[in-house]
S.K.: 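I'd like to ask you about the structure that follows.
Just so you know, these numbers use all the heavy atoms, side chains as well, and skip hydrogens, waters and symmetry mates. Numbers here are sequence positions counted from 1.
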Amino acid sequence: QVQLVESGGGSVQAGGSLRLSCAASGARYSMYCMGWFRQAPGKEREGVASKTTYGTTFYADSVKGRFTISKDNAKNTLYLQMNSLKPEDTAMYYCAAVNRNCPSRISDFIYWGQGTQVTVSS
């Protein structure tokens, strides 16, 4: 059974940085597509960034230039470096994975972590 465990969330002031990690365990091979999603209170879950084993990367427009996704295939671990954080980045951040090309629909991601809270104060 594949398990995803996120870590690295916390509270920071606007302009600060955080680095999220997502460790995948129980998979026979490195998960081909892994991504970060977030959900703020009262809002729908949205995609933040994703990356495949071969490097194909996606970023939401709202985080381009501020967030960087990286993937350690050997460790089956995904990272999200978040710089220049804004109050609107406040949300629960989730890691998700699927063992094929990154799907366009959030619901097509198979494996999900429990989430890590990111709070950015102004």
S.K.: Does NZ or CZ of R19 lie under 6.0 Å from the centre of the six-membered ring of Y79, at an angle within 45° of the ring axis?
M.R.: yes
S.K.: If we count only N and O atoms by modelled type, under 3.5 Å, do the side chains of S70 and K51 hold a donor and an acceptor together?
M.R.: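 No pair is found: no donor N or O on one side chain lies under 3.5 Å from an acceptor on the other.
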S.K.: Evaluate side-chain contact (heavy atoms from CB on, under 4.5 Å) for Y59 paired with T68, printing each intermediate quantity in order.
M.R.: CA-CA 8 Å; Y59 290 100; T68 302; 3.8 Å; yes
S.K.: Just checking Q3: does its CD atom have more than 12 heavy atoms from other residues, nucleotides or ligands closer to it than 6.0 angstrom?
M.R.: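 Open: at most 12 neighbouring heavy atoms sit under 6.0 Å from CD of Q3.
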S.K.: Is there a side-chain contact between M34 and K71 (heavy atoms, below 4.5 Å)?
M.R.: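 Yes, at least one pair of side-chain atoms sits under 4.5 Å.
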S.K.: T116 versus L20: any side-chain heavy-atom pair under 4.5 Å?
M.R.: yes
S.K.: Under 4.5 Å between side-chain heavy atoms, counting indirect links through other Ile/Leu/Val/Met/Phe/Trp/Tyr residues: same cluster for Y93 and V5 or not?
M.R.: no
S.K.: Walk me through it: do T90 and V118 pass the test side-chain contact (heavy atoms from CB on, under 4.5 Å)?
M.R.: CA-CA 5 Å; T90 295; V118 171; 5.9 Å; no
S.K.: Which pairs, with at least one residue in residues 71-122 and sequence neighbours excluded, count as a disulfide bond (SG atoms under 2.5 Å apart)?
M.R.: C22-C95, C33-C102
S.K.: What heavy-atom pair brings A96 and F37 nearest, and what distance separates the two atoms?
M.R.: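 Heavy-atom minimum between the residues: CB-CE1, 3.6 Å.
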S.K.: Quick check: does any side chain N or O of R38 sit under 3.5 Å from a backbone N or O of M92, one acting as donor and the other as acceptor?
M.R.: no
S.K.: Just do the side-chain contact (heavy atoms from CB on, under 4.5 Å) check on F67 and N83 with the steps written out, would you?
M.R.: CA-CA 6 Å; F67 292 9; N83 299 328; over 6 Å; no
S.K.: Is there a salt bridge (Lys or Arg N to Asp or Glu O under 4.0 Å) between K86 and D89? Walk through the geometry before answering.
M.R.: CA-CA 5 Å; K86 304 175 181 180; D89 294 318; over 6 Å; no
S.K.: Do Y94 and R45 have side chains that approach each other closer than 4.5 Å (heavy atoms only, starting at C-beta)?
M.R.: yes
S.K.: Return the set of residues passing side-chain contact (heavy atoms from CB on, under 4.5 Å) with A40 (not counting sequence neighbours), or none when no residue passes.
M.R.: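 Result, side-chain contact (heavy atoms from CB on, under 4.5 Å) vs A40: K43, A91.
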S.K.: How long is the straight-line distance from CD1 of I106 back to CD of E46, given to the nearest 0.5 Å?
M.R.: 8.0 Å
S.K.: Output yes when a side-chain donor or acceptor of T57 lies under 3.5 Å from a complementary backbone atom of G55, and no otherwise.
M.R.: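 At least one qualifying donor-acceptor pair exists.
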S.K.: Measure the shortest side-chain to side-chain distance between L18 and L85 over non-hydrogen atoms and say whether it is less than 4.5 angstrom.
M.R.: yes
S.K.: If every non-hydrogen atom of P103 is compared with every non-hydrogen atom of R100, which pair is closest and at what distance?
M.R.: CB-NH2, 3.7 Å
S.K.: Is there a donor-acceptor pair under 3.5 Å between the side chain of T119 and the backbone N or O of S11?
M.R.: no
S.K.: Please give me the minimum heavy-atom distance between P87 and A14, naming the atom from each residue.
M.R.: CD-CB, 4.1 Å
S.K.: Parallel, tilted or perpendicular for Y54 and Y32, by the 30°/60° rule?
M.R.: tilted
S.K.: Under the side chain to side chain donor-acceptor pair (under 3.5 Å) rule, what pairs show up with a residue in residues 102-115, not counting sequence neighbours?
M.R.: R105-D108
S.K.: Using a 3.5 Å distance criterion without hydrogens, assess whether the side chain of N76 forms a donor-acceptor pair with backbone atoms of N73.
M.R.: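 No, the answer is negative, given that no donor and acceptor are paired below the 3.5 Å cut-off.
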S.K.: Do F58 and V63 sit in one hydrophobic cluster, given that two such residues count as connected whenever their side-chain heavy atoms are within less than 4.5 Å of each other, even indirectly?
M.R.: no
